[in-house]
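Worksheet: the structure to be examined is printed underneath.
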Amino acid sequence: MNQFISKDKRTHYCGNLSESDNGKEVVLMGWVHRRRDHGGVIFVDLRDREGIIQIVFNPEEGETVHSEAHKIRSEYVLAVKGKVRKRPEGMTNPDLATGQVEVLVSDLEILNESKTPPFSFDDDDISENIRLKYRYLDLRRPAIQKNLFLRSRLASVTRRYFEENGFIEVETPFLTKSTPEGARDYLVPSRINKGTFYALPQSPQIFKQLLMVSGFDRYYQIVRCFRDEDLRADRQPEFTQIDVEMSFITEEDIMQMMEGLMASIFKACLGKELALPLPRLTYADAISRYGKDNPDIRFGLEIRDITDIVKNSGFKLFAEVAAQGGVIKAINANQASRLSRKDLDGLADFVAIYGARGLAWAKVNAADWTSPIFKFLKPEEIKGIGQLLNAKEGDIIFFVADTPKVVHDSLGNLRLHLARKLNLIDPDVLGFTWVTEFPLMDYSEAEKRYVSTHHPFTSPFLEDLHLMTTDPGKVRARAYDLVLNGSEIGGGSIRIHRKDIQARVFSALGLSDEEARLKFGFLLDALEYGAPPHGGLAFGLDRLTMIMTNAESIRDVIAFPKTQKAACLLSDAPSKVSIEQLMELSLKIV
RNA sequence: GGGGUCGUAGUUAAGUUGGUUAUAACGCCGGCCUGUCACGCCGGAGGGCGUGGGUUCAAGUCCCAUCGGCCCCGCCA
């Protein structure tokens with residue numbers, strides 16, 4: 001035994017064999033994907049990470065091997081030696097990459113048996129429950145392997161790009177200090193310092209800024225980050241960031257550098273050329289035209305403001321909303337008249353999710369509209385709306401009247417919903433856009449104060465500084481997000497490097513000197529020792545991989561993901577710990 | 001914190017207004033078969049319906065609670 005592994009080394013991957021290997025003696029290792037036993041000849045589809053090859057056991061080639069082959073079952077691990085040969089005329093399999101050839105086996109060793117797997121590796125609709133419990137089997141599926149190979153390539157191209165451009169990769173700590181701004185932290189109790197806690201980083205933000213103070217000039221890191229917030233199809237509690245920071249630069253320099261990175265990645269991973277520079281939108285435009293700060297620009301259906309047209313409308317709701325400082329906006333779903341009355345009612349339910357109390361609609365006919373609100377509107381209003389939205393016969397216009405936030409949320413999401421329903425998105429188009437000039441701060445109703453849109457170290461536009469005390473919501477930030485196909489794949493900013501400006505921002509955020517010092521003291525100290533002008537950005541590696549692989553869930557691009565309840569079904573984490581462990585940490589469960 | 005949806009053999013699903021031994025396909029096991037590639041043919045085993053209560057003569061079907069998967073709102077600087 002043990003002829004294989006130690007002596008007869010593997011010569012080829014299964015999936016790499018082709019006609020050019022015809023006649024070669026090869027040694028293969030792999031898993032039994034399927035077995036077809038014809039009584040005489042036995043076919044086995046042998047699978048490894050590169051693909052599948054049909055191997056043949058023929059009784060005429062040796063009775064011992066053939067009888068051993070009878071024992072083979074699904075997912076057994078085999079080592080075989082044999083000769084590659086072209087398949088006989090008419091016996092090729094065009095559905096298989098290696099379908100022109102097969103391997104006639106002369107030696108077989110069953111390296112390991114396998115229990116019958118709990119699900120089929122061909123099946124696409126296995127419950128995630130089962131998939132995640134047996135993740136090591138789920139990961140045998142070629143589709144998922146392909147995702148992880150692309151992810152690895154993406155990371156590798158990224159490293160090469162940054163090395164070529166003079167960046168240094170520096171590791172920053174995972175056991176660090178809790179920063180109460182922003183997301184919830186994952187906490188780690190300190191045994192040595194009882195009653196105190198480390199926090200796992202939500203991002204290496206402060207450390208990378210410190211590295212700029214230290215003079216490293218150009219830093220990057222592919223780094224895990226942690227946020228203890230609720231999960232979504234594109235959100236995991238631990239995720240990977242491509243983290244970047246540069247000194248002595250403006251936003252133009254960063255954006256250019258990052259566009260180069262995107263071009264390298266898409267070229268190397270997907271063979272796609274990007275047209276640079278990438279398009280740009282201001283935050284204000286993104287919101288007003290698309291209702292979102294992560295607009296999907298691959299299709300139209302843009303939002304139009306009709307407040308001025310209908311503020312004195314005979315339709316009382318519009319007039320009232322306008323009088324109360326709300327807005328009335330609309331989108332034209334071109335040629336959507338095939339939507340049924342039932343569909344339209346469904347859309348009203350859809351926008352209700354985002355707080356809209358109603359969804360008015362109008363089917364555009366040659367001479368008039370079919371619409372519940374038609375009779376309330378004056379002819380000039382109908383004309384004005386029709387012109388602004390370029391309405392043609394067969395179109396359906398949708399209206400929402402409410403606060404700006406509700407209008408933008410509901411129409412922004414309705415726009416996406418309709419695009420999918422009406423099949424308006426070309427899957428081959430890459431909808432890149434930068435979104436710039438974010439507001440520095442938003443008013444938080446929950447906290448009754450202004451909070452940072454991005455983070456408190458983001459530099460304001462200097463020309464907006466005078467608004468800091470009078471109208472903080474109007475101050476623009478030197479921040480920029482990169483959006484791809486309606487997904488925020490990265491974001492960053494020019495940072496504050498001057499202590500006086502940092503103090504003004506903290507004060508606008510309602511942070512006292514003491515509080516600021518308590519939370520970020522070490523950064524503030526550092527800014528006093530010759531901090532260079534600097535800025536950076538971070539990409540979500542998982543989300544980028546998701547888009548590039550067309551994955552529907554972030555779990556499909558992460559080897560061992562968590563469920564929506566933040567659990568790992570494979571390892572059963574999180575789990576209870578012993579009382580001894582708790583005592584050692586001086587912790588008590590309340 | 002909230003809304004929605006799902007949980008029935010190993011897997012994927014079907015199970016009408018509650019009613020005899022709970023279906024099917026694939027998989028699995030056994031037999032036959034020398035060219036298939038979702039091989040074919042014959043035969044067989046396998047679950048008591050996520051869990052715990054309850055209503056009822058009778059519950060997979062109704063009610064309550066609970067656990068878990070997924071999607072979404074809030075949240076995610």
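These values consider heavy atoms only, across backbone and side chains, with no hydrogens, waters or symmetry-generated copies. Throughout, a chain's letter reflects where its sequence line sits, starting with A, and its residues are numbered from 1.
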- Message: Both A:Glu128 and A:Leu104 contact RNA chain B. Taking the nearest nucleotide for each, which residue is further toward the 5' end?
- Response: A:Leu104
- Task: By nearest nucleotide on RNA chain B, pick out whichever of A:Lys405 and A:Gln205 is the more 5' one.
- Result: A:Lys405
- Query: Within 45° of the ring axis of A:Phe461 and under 6.0 Å from its six-membered ring centre, is that where the NZ or CZ of A:Arg476 lies?
  - Reply: yes
- State whether the number of non-hydrogen atoms from other residues, nucleotides or ligands found under 6.0 Å of A:Trp434 atom CH2 is greater than 12. yes
- Item | Chi-angle category of B:rG30 [syn within 90° of 0, anti beyond] | anti
Given [options], the nucleotide with the shortest approach to the side chain of [X]:
X	options	answer
A:Glu102	B:rU34, B:rC70, B:rG35	B:rG35
A:Arg232	B:rG35, B:rC73, B:rC70	B:rC73
A:Asn129	B:rG74, B:rG69, B:rC72	B:rG69

Does [X] reach a base, just sugar-phosphate, or nothing at all? Heavy atoms under 4.0 Å.
X	result
A:Arg85	base
A:Asn58	base
A:Arg131	nothing
A:Gln202	nothing
A:Ser203	base

To the nearest angstrom, how far is [X] atom [atom1] from [N] atom [atom2]?
X	N	atom1	atom2	value
A:Arg420	B:rC71	CZ	P	14 Å
A:Asn294	B:rC76	CG	P	15 Å
A:Asp230	B:rG69	CG	P	13 Å
A:Asp442	B:rC76	CG	P	11 Å
A:Leu231	B:rG68	CG	P	14 Å
A:Leu414	B:rC72	CG	P	17 Å
A:Lys562	B:rC70	NZ	P	13 Å
A:Lys71	B:rG30	NZ	C1'	18 Å

- Query: For every nucleotide of nucleotides 37-52 of chain B, 5' to 3': is a protein heavy atom under 4.0 Å from its base (B), only from its sugar-phosphate (S), or from neither (-)?
  - Reply: BSB-------------
- Assign a letter to each nucleotide of nucleotides 3-11 of chain B from its 5' end: B, base within under 4.0 Å of a protein heavy atom; S, sugar-phosphate only; -, no contact. -------SS
- Query: With a 3.5 Å cut-off and no angle check, do the side chains of A:Tyr283 and A:Asp481 form a donor-acceptor pair?
  - Reply: no
If I pick the [atom1] atom on [M] and the same atom on [N], what distance separates them, to the nearest angstrom?
N	M	atom1	result
B:rC28	B:rA45	C1'	9 Å
B:rC57	B:rC73	P	47 Å
B:rC49	B:rU12	C1'	15 Å
B:rC33	B:rG43	C1'	15 Å
B:rG7	B:rU17	P	16 Å
B:rU8	B:rU51	C1'	14 Å
B:rC75	B:rC6	C1'	25 Å

Less than 6.0 angstrom separating the ring centers of [X] and [Y], yes or no?
X	Y	result
A:Phe174	A:Phe226	yes
A:Phe57	A:His66	no
A:Phe522	A:Phe520	no

- Item | Mate of B:rU66 where both pairing distances stay under 3.5 Å, Watson-Crick or G-U | B:rG50
- Message: Could you identify the nucleotide paired to B:rG43, looking across every strand shown and requiring Watson-Crick or G-U wobble geometry with both distances under 3.5 Å?
- Response: B:rC29
- Task: Compare side-chain N and O positions of A:Lys565 against OP1 and OP2 of B:rG68 and report whether any pair is under 4.0 Å apart.
- Result: yes
- Sub-3.5 Å donor-acceptor pair from the side chain of A:Glu251 to the main-chain atoms of A:Ala479, do we have one? no
- Hey, does A:Ser18 have a side-chain heavy atom less than 4.5 Å from the side chain of A:Thr98? no
- Min side-chain heavy-atom separation A:Asp525-A:Arg517 under 4.5 Å: yes
- Looking only at N and O atoms, is any donor in the side chain of A:Arg184 or the base of B:rG74 less than 3.5 Å from an acceptor on the other one? no
- Can A:His12 and A:Asp21 be said to form a side-chain contact (heavy atoms from CB on, under 4.5 Å), step by step? CA-CA 10 Å; A:His12 293 76; A:Asp21 299 304; 3.7 Å; yes
- Who passes salt bridge (charged side-chain N to carboxylate O under 4.0 Å, His left out) against A:Lys177, sequence neighbours left out? none
- Message: For a side chain to side chain donor-acceptor pair (under 3.5 Å) check, start with the C-alpha distance between A:Gln54 and A:Arg36, then their side-chain angles and the critical distance, and finish with the verdict.
- Response: CA-CA 10 Å; A:Gln54 170 166 284; A:Arg36 292 177 292 281; 2.9 Å; yes
